[in-house]
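Every value quoted in this text rests on a predicted model; they were computed, and no experiment measured them. Order of listing sets the numbers, starting from 1, for every ligand and every atom in it.
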Amino acid sequence: MGNGAKAQQKRERNQKDGKVAKSQLKVNQQACDIQCQICRSTFLKTTKAPALLEHAENKHGKGISDCFPNVQV
Ligand SMILES: [Zn+2]
């Protein structure tokens, strides 16, 4: 026996890795905190309104407030 303990260790390590990946994901989401409500594409919060409007019009044929209601134009 011993395989069981090894498998347990491996599982714990995987869980730990999962946590790290999740917190990294959170950081990424904060960096990209503008999200299109229609296609869920994310944009850097430094993205300028004209670029967002271009996305809204070209991708969806809609206005900026339809895709990015949180963005002040
Ligand atoms: Zn979109």
ask   = With a 4.5 Å heavy-atom cut-off, do K59 and C39 have their side chains touching?
value =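 No; the side chains remain at least 4.5 Å from each other.
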key: Contact check, side chains of I34 and L52, non-hydrogen atoms, under 4.5 Å   =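 Counting from C-beta outward, I34 and L52 do come under 4.5 Å.
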request  = Starting at NE2 of H55, measure out to NE2 of H60 and round the result to the nearest 0.5 Å.
outcome  = 3.5 Å
message = Return the CG to CD distance between D66 and E57, rounded to the nearest 0.5 Å.
response =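 Between atom CG of D66 and atom CD of E57 there are 10.5 Å.
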query = Are the side chain of Q35 and the backbone of D33 linked by a donor-acceptor contact shorter than 3.5 Å?
reply =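 No; judged by distance alone, with no hydrogens or angles, the pair does not exist.
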ask   = Protein N, O or S atoms less than 2.8 Å from the Zn ion (ligand 1), ignoring waters?
value = C36 SG, C39 SG, H55 NE2, H60 NE2
query = For the residue pair I38 and C67, what are the closest heavy atoms and their distance?
reply =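 Between these two residues, the closest heavy atoms are CD1-SG, 3.5 Å.
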